[in-house]
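Sequence lines set the chain letters: A, B, ... in the order given, protein chains first and strands last, and positions in each chain run from 1.
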There are 2 protein chains.
Amino acid sequence: MPNLVPPITTVKHCMDYKARLQELEPKVTFLMSLYLHPNISPETVIEAKKAGITGIKSYPHGVTTHSEHGVMSYEQFYPVFEEMERQNMVLNLHGELPPSAGKDITVLNAEEAFLPTLLDLHRRFPKLRIILEHCTSAAAIEAVKSCGATVAATITAHHMFLIVDDWAGDPHSFCKPVAKLPSDRRALLKTVVSGDPKFFFGTDSAPHPAETKRADRFAAGVFTQPHAVGYVLEALEQAVELGVLKAEDVTKAKLEGFLSRFGRDFYQLKDESGERTVLSKSTEAVQDILRSVDGTLEVVPFRRGKMVWTAVLK
Amino acid sequence: MPNLVPPITTVKHCMDYKARLQELEPKVTFLMSLYLHPNISPETVIEAKKAGITGIKSYPHGVTTHSEHGVMSYEQFYPVFEEMERQNMVLNLHGELPPSAGKDITVLNAEEAFLPTLLDLHRRFPKLRIILEHCTSAAAIEAVKSCGATVAATITAHHMFLIVDDWAGDPHSFCKPVAKLPSDRRALLKTVVSGDPKFFFGTDSAPHPAETKRADRFAAGVFTQPHAVGYVLEALEQAVELGVLKAEDVTKAKLEGFLSRFGRDFYQLKDESGERTVLSKSTEAVQDILRSVDGTLEVVPFRRGKMVWTAVLK
């Protein structure tokens, strides 16, 4: 995620950041991306590709955390996208129009209002691989389905649980794009088990300090990282219980596709580690709060106190 | 407001509460209401009328603060409504269906989904005076307009400012019914200056302690009481600046009607005090926080730190 302060807009900044991450977690394969910004030229794209950077992420202006530097119009970036297409890089989109785009744009329809822009980009750059990140609406799913194989979307664990009522009164369930209607959640759940390789898992997990959540103005973001895969299973189990999904829809092959294979294939990565994730229903509950080792930082995880499946790496 | 803990469901409780209020503010005319509850019988209605109680308020189950005792089906209360109609009492409705009413009921459509119930009650009890309290949607305004003169609605100050984006991230702008779309806000603003006596001011002001707002699960309610009338003027001025209203729509007569006369007339009260409210644009800002005299309670007022008109009683 390149939405740091300041945002990651140079190859050097990106590679320094990767080195810091790699030091913390030597075994993890980090796919790095730049923040789409007027600083970035076609030359930057060539340099980024050489350095092994995977993609460039676009944040619409003012839409999400630290996106003040985000873009509002894509026209100035057409030469960048052309070069990305040539270099076989991925364009990651936070697909929402900013509120300034029109007097009737709200957090509820900002994603749907962005979809014509997605379709237009795909038409102009049909070979450019595009991911509509953390999509939340039935409309977004239909739009992505209508595109060719170069357009995919990610779905988060928390959007498989949440609707607008959940973040009305709960800062820990508030994120951008906001969770929407029950019909949108049903569409997400059905897509997760559809076996369609255009849709795969992306957490968009955000560890905001608890004090920025219990505040007069609270931060957007849900923290799911410690139980990311477990939440997906929990959401699907609940969906079966509620009759939204049938038990036979939730197959091992479809889950493996959604959680691992479809994303890996879209990113054109090989399965080199040979590791497998084994899921089991734990009797443990999600922690009420997580503290940093030095005790200075507290983060409230998603679905604190509730039961969750456990994922074990084998 | 009878939604205390426990709710006010007996005439004695109501009159005790009135005495406590009257001791605090001897000059204010308090219009008392009971909380609609299975305890309340047609006999209660007769007793309430004799004691000078004005109305009965209904809170749908689970919809708003302390409404666990609220109603979900009105049929059991038809004898109560019949007696209220005979006794010329007012039925005050928190007009939202509870989430349990259907799998697609959310905070966004709960009011609109309640409107058929309002129309049904009006058809069954055409002489019963009904107020749809704190209405928030264009649909609610159209429904109230379509009824006879016995059905009215109140509009709050905060709903003249807020849309869904405002409470996404701000606990002090979160209330039930939630603020809705820009088109709904435009409909409310136009109705306020329409001169239609079916629509008048009601604050629904709720002084939740600041600590219950900066919380893992925050309370629903906006505190507008100290500047209630000033906010209305501020909202109308902004609406004129944004082109939602024309300056000539905001007349003294329409404002007097909305803020004072229409409500008084609907409640069949006379203007006995002879007092007048004079409004002037203050250069002062809304307080950042309000503290109780003993310092134990802090409340954050609506639009803290922003400029507001001042209302002076003459």
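- Looking at B:F174, the atoms closer than 4.5 Å to chain A (heavy atoms on both sides) all sit in the side chain, from C-beta outward.
- Interface summary for chain B: among A:A215, A:G169, A:P182, A:A210, the most heavy-atom pairs under 4.5 angstrom belong to A:G169.
- Enclosure of atom CD in A:E133 by more than 12 non-hydrogen atoms of other residues, nucleotides or ligands within 6.0 angstrom is indicated.
- Interface residue B:D166: only backbone heavy atoms are found under 4.5 Å from chain A.
- Residues A:K213 and B:D216 fail the side-chain proximity criterion, which asks for heavy atoms closer than 4.5 Å.
- Going from atom NZ of B:K103 over to atom OG of A:S183 covers 8.5 Å, rounded to the nearest 0.5 Å.
- Only the backbone of B:I105 comes within contact range of chain A, judged by heavy atoms closer than 4.5 Å.
- Residues A:R186 and B:D104 form a side-chain contact, since some pair of their non-hydrogen atoms from C-beta on lies under 4.5 Å apart.
- Counting heavy atoms from C-beta on, the side chains of B:D165 and A:L108 never come closer than 4.5 Å.
- Nearest heavy-atom pair, B:V164 versus A:W167, reported as atom, atom and distance to 0.1 Å: CG2-CH2, 4.0 Å.
- Of the two parts of A:A168, the backbone and the side chain both hold a non-hydrogen atom closer than 4.5 Å to a non-hydrogen atom of chain B.
- At most 12 non-hydrogen atoms from other residues, nucleotides or ligands lie less than 6.0 angstrom from CD of A:E211.
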